[in-house]
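A short write-up of the structure that comes next.
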Amino acid sequence: MKSSNNQLPDLSYLQLDRAGNLFYQLTPAELVEAAIQRNEGTLADSGALAIDTGEFTGRSPKDRFVVDDNITHDTVWWGKVNIKFDPSKFDALLNKVTTYLAGKDIFVRDSSACANEKCHIDIRVVTETAYQNLFVHHLFLRPEFTELSSKPEWTIIAAPGFKADPAIDGTRQSNFSIINFTKKMILIGGTGYTGEIKKGIFSVLNFILPHQKNVLSMHCSANIGEKGDTAIFFGLSGTGKTTLSADANRRLIGDDEHGWSDYTIFNFEGGCYAKCVDLTPEKEPQIFSAIQFGALLENTNYIKGTRKVDFTNIDKTENTRVAYPLYNVSNAVIPSIGLLPKNIFFLTADAFGILPPISKLTTNQAMYHFISGYTAKVAGTEAGVNEPTETFSACFGQAFLPLNPVVYAKLLGNKIKEGNVNVWLVNTGWTGGAYGTGKRMQLSYTRAMINAALNRELDGVQYKPHPVFNLQMPVSCPNVPSELLDPRNTWANKGQYDEQANNLAASFVKNFEQYADLSSAEIINAAPKVISANLV
């Protein structure tokens with residue numbers, strides 16, 4: 001038994017008092033040492049611990065379940081995102097997992113989530129591996145030892161070595177992640193991918209905060225300017241959420257999960273879990289410099305014969321990751337709380353080259369596009385994707401939403417109105433044509449447009465509406481060529497642009513049909529208008 005504070009938690013309520021050695025609240029250095037001794041990973045030349053997560057190098061959404069009980073039965077948005085799990089099956093599986101851990105070394109960490117004390121929850125995480133416990137140290141908040149609860153509100157058990165029997169246990173396959181709101185537990189097995197731990201708690205907060213506290217939970221990054229102005233960045237993978245929120249002139253609140261209360265924007269987490277494919281100090285200086293001793297690299301590869309990471313190597317997965325605490329970021333806000341936002345940016349990588357590089361949304365349009373959560377995949381990003389493909393993920397984080405997306409959108413709309421917040425749709429994707437014909441929008445131009453919005457340099461300029469999406473497009477922007485601001489002007493074949501714009505609009509309308517019953521007429525009317533004639 002070992003504890004960094006010579007005190008050990010009582011785990012009898014989990015039936016884990018039968019475990020072997022219990023390592024409690026170890027420091028990052030102790031966890032790195034344990035991981036290396038247990039052959040869980042190696043030390044890179046940066047000092048980071050490099051590990052492989054095994055069979056699963058990403059989340060497994062089809063194996064995420066929510067226990068169907070009195071709390072969830074009539075409130076959860078059941079379906080492909082939230083799959084029902086029987087309470088008795090959960091109890092039986094929990095007993096199997098704790099029996100599996102009996103006699104094994106386990107790592108226990110007490111932590112918390114939500115920098116806003118009014119939304120704060122205490123969390124105990126029990127892991128089978130040292131590297132998972134290191135991840136928890138980085139990604140959750142780190143209370144002082146005197147602030148720890150003897151029995152935290154929520155408990156997570158993560159046992160990657162335990163394999164479920166689907167025929168008996170009620171799972172789809174041997175891996176699983178199951179949330180039980182009555183027992184306030186998350187049970188994870190059969191997968192060593194650490195993202196299941198953090199997204200499990202994010203899903204919990206996405207249920208608790210809007211449902212019980214009137215706080216909007218958000219899958220977004222956030223930063224603060226020199227004058228205390230907060231900006232929020234929503235976006236799916238590959239749209240630039242992490243890159244664009246990492247600004248040398250603004251301080252980082254957080255890169256992934258936040259809450260919007262009556263008075264603050266606050267981070268749920270205590271660290272960052274960043275993608276690191278093609279990472280360079282020039283492209284992502286904040287992330288690159290945060291990879292120090294104790295940081296956790298997942299599924300990366302070394303340059304042959306060295307301990308230097310080759311960030312271009314994706315032999316194991318494109319989803320290479322690095323986890324590190326916020327204190328590794330030089331300009332992070334700690335505690336990670338900001339004032340209410342002045343600007344919200346919806347980021348989309350439109351591979352069809354249709355959406356404007358920046359446009360201003362009304363409140364109803366903001367709610368519509370928030371529910372839609374649009375971006376596009378391009379050829380080569382996934383097996384079988386040979387041409388640009390629309391992707392819609394409600395609220396820019398559909399996989400983590402226990403409630404119907406319209407619930408979150410209505411809460412967002414109310415907060416936008418109350419705070420008179422500017423909402424911008426920013427296309428970080430293609431211009432002058434679709435992927436393969438056009439070219440990717442220059443990052444320098446995107447940054448210039450966002451800076452212009454933040455500095456109120458777009459307040460007094462002239463706007464014109466997009467003919468199909470009715471988005472308000474500025475006709476000028478500092479440090480950006482004016483011809484880029486109207487995407488139709490960048491296409492050589494205007495008729496082809498019109499056709500593609502109609503096709504994309506039709507996809508938006510089709511996708512939104514599933515949300516129409518709970519949406520107001522004002523939100524539905526904010527949809528793009530499909531037109532049949534070319535705009536010559």
Side-chain angles (χ1 to χ4, degrees), residues 1-5 7-28 30-31 34-35 38 40 51 53-54 56 64-65 67 90-113 121-143 145 148-164 169 175-204 269-270 296 323:
M1 303 289 181
K2 183 174 181 180
S3 166
S4 61
N5 296 280
Q7 296 186 40
L8 296 171
D10 178 9
L11 299 182
S12 59
Y13 75 102
L14 298 174
Q15 297 182 317
L16 283 173
D17 48 330
R18 302 169 293 165
N21 290 314
L22 189 159
F23 299 95
Y24 179 58
Q25 223 70 356
L26 297 191
T27 65
E30 290 171 323
L31 288 168
R38 291 159 55 91
E40 293 176 9
I51 61 96
T53 60
F56 294 94
R64 173 192 177 277
F65 305 90
V67 172
F90 180 89
D91 293 343
L93 193 55
L94 173 61
N95 184 62
K96 279 189 171 184
V97 172
T98 55
T99 300
Y100 164 81
L101 291 173
K104 287 184 169 59
D105 291 352
I106 59 173
F107 297 83
V108 182
R109 178 162 301 279
D110 285 337
S111 54
S112 61
I121 62 169
D122 293 317
I123 307 164
R124 173 166 291 162
V125 187
V126 179
T127 65
E128 185 180 0
T129 65
Y131 81 80
Q132 289 173 305
N133 215 259
L134 180 64
F135 175 86
V136 173
H137 172 275
H138 293 345
L139 265 295
F140 291 164
L141 297 174
R142 298 164 287 274
F145 190 79
L148 299 178
S149 170
S150 59
K151 185 179 178 182
E153 185 177 0
W154 275 83
T155 301
I156 303 172
I157 301 176
F162 176 85
K163 306 292 185 181
D169 299 323
N175 64 301
F176 55 87
S177 177
I178 311 170
I179 303 173
N180 189 322
F181 282 96
T182 295
K183 290 185 177 293
K184 295 188 175 181
M185 293 186 66
I186 301 173
L187 194 59
I188 301 170
T191 173
Y193 182 66
T194 56
E196 297 283 13
I197 297 173
K198 97 183 206 85
K199 290 308 183 186
I201 284 295
F202 185 43
S203 298
V204 166
E269 303 181 296
L296 180 67

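Numbers here simply count residues along the sequence, with the first being 1.
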>> Within the 4.5 Å heavy-atom criterion, are Leu296 and Ile51 side-chain neighbours or not?
In response: yes
> Just by distance, do the side chain of Asp105 and the backbone of Asn21 share a donor-acceptor pair under 3.5 Å?
Replying inline: yes
> Distance only, no hydrogens: is a donor on one side chain within 3.5 Å (strictly under) of an acceptor on the other, for Tyr13 and Thr155?
Replying inline: yes
> Can you tell me if Glu153 uses its side chain to pair, donor with acceptor, with the backbone of Ile121 under 3.5 Å?
Replying inline: no
>> Minimum heavy-atom separation for Leu14 and Ile157, please, with both atom names.
In response: CD2-CD1, 4.4 Å
>> Measuring from atom CZ of Phe90 to atom CG of Leu187, what distance do you get when rounded to the nearest 0.5 angstrom?
In response: 5.0 Å
> Taking atom OH of Tyr193 and atom CD of Gln132, what is their separation to the nearest 0.5 Å?
Replying inline: 13.0 Å
> At their closest point, which heavy atom of Ala323 faces which heavy atom of Phe135, and how far apart are they?
Replying inline: CB-CD1, 3.7 Å
> Is a donor on one side and an acceptor on the other found under 3.5 Å between the side chain of Glu128 and the backbone of Leu101?
Replying inline: no
> Around atom NZ of Lys96, are there more than 12 heavy atoms of other residues, nucleotides or ligands at under 6.0 Å?
Replying inline: yes
> In Å and rounded to the nearest 0.5 Å, what is the CG to OG1 distance from Leu11 to Thr98?
Replying inline: 11.0 Å
> With Arg109, which of Thr127, Ile123, Leu31 fulfils side chain to side chain contact (heavy atoms under 4.5 Å, CB included)?
Replying inline: Leu31
> So Thr182 and Val67, side chain to side chain contact (heavy atoms under 4.5 Å, CB included) or not? Walk me through it.
Replying inline: CA-CA 8 Å; Thr182 295; Val67 172; over 6 Å; no
>> Do Ile156 and Ile197 make a side-chain contact, defined as non-hydrogen atoms from C-beta onward lying under 4.5 Å apart?
In response: yes
> What are the two closest non-hydrogen atoms of Phe181 and Ser203, and how far apart are they?
Replying inline: CZ-O, 4.4 Å
> Would you say Glu30's side chain and Thr27's backbone share a donor-acceptor pair under 3.5 angstrom?
Replying inline: yes
> Counting distance only, does the side-chain N/O of Glu196 pair as donor-acceptor with the main-chain N or O of Thr191 below 3.5 Å?
Replying inline: no
> Which heavy atom in Leu148 sits nearest to a heavy atom in Gln25, and how many Å separate them?
Replying inline: CD1-NE2, 3.5 Å
>> Could you measure the distance from the CG atom of Leu134 to the OG1 atom of Thr194? Nearest 0.5 Å is fine.
In response: 9.5 Å
> Looking only at heavy atoms, what is the nearest atom pair of Gly190 and Lys163, with distance?
Replying inline: O-NZ, 3.6 Å
> Looking only at heavy atoms, what is the nearest atom pair of Asn133 and Val125, with distance?
Replying inline: ND2-O, 4.0 Å
> Is it true that a side-chain atom of Tyr131 and a backbone atom of Thr53 form a donor plus acceptor pair closer than 3.5 Å?
Replying inline: no
> Distance only, no hydrogens: is a donor on one side chain within 3.5 Å (strictly under) of an acceptor on the other, for Asp110 and Tyr24?
Replying inline: yes
> In terms of ring plane angle, is the pair Phe107 and Phe23 parallel, tilted or perpendicular, where the classes change at 30° and 60°?
Replying inline: parallel
> Roughly how far, to the nearest 0.5 Å, is the CD1 atom of Ile201 from the CH2 atom of Trp154?
Replying inline: 6.5 Å
> Hey, is the main chain of Ser111 close enough, under 3.5 Å, to the side chain of Arg124 for a donor-acceptor pair?
Replying inline: no
>> Taking Asp10 first and then Lys151, would you say they form a salt bridge - that is, a charged N and a carboxylate O separated by under 4.0 Å?
In response: no
> Out of curiosity, Asp122 CG to Phe140 CZ, how far, rounded to the nearest 0.5 Å?
Replying inline: 12.0 Å
>> Is there a side-chain contact between Leu22 and Val108 in this structure, where contact means two heavy atoms from C-beta onward sitting under 4.5 Å apart?
In response: yes
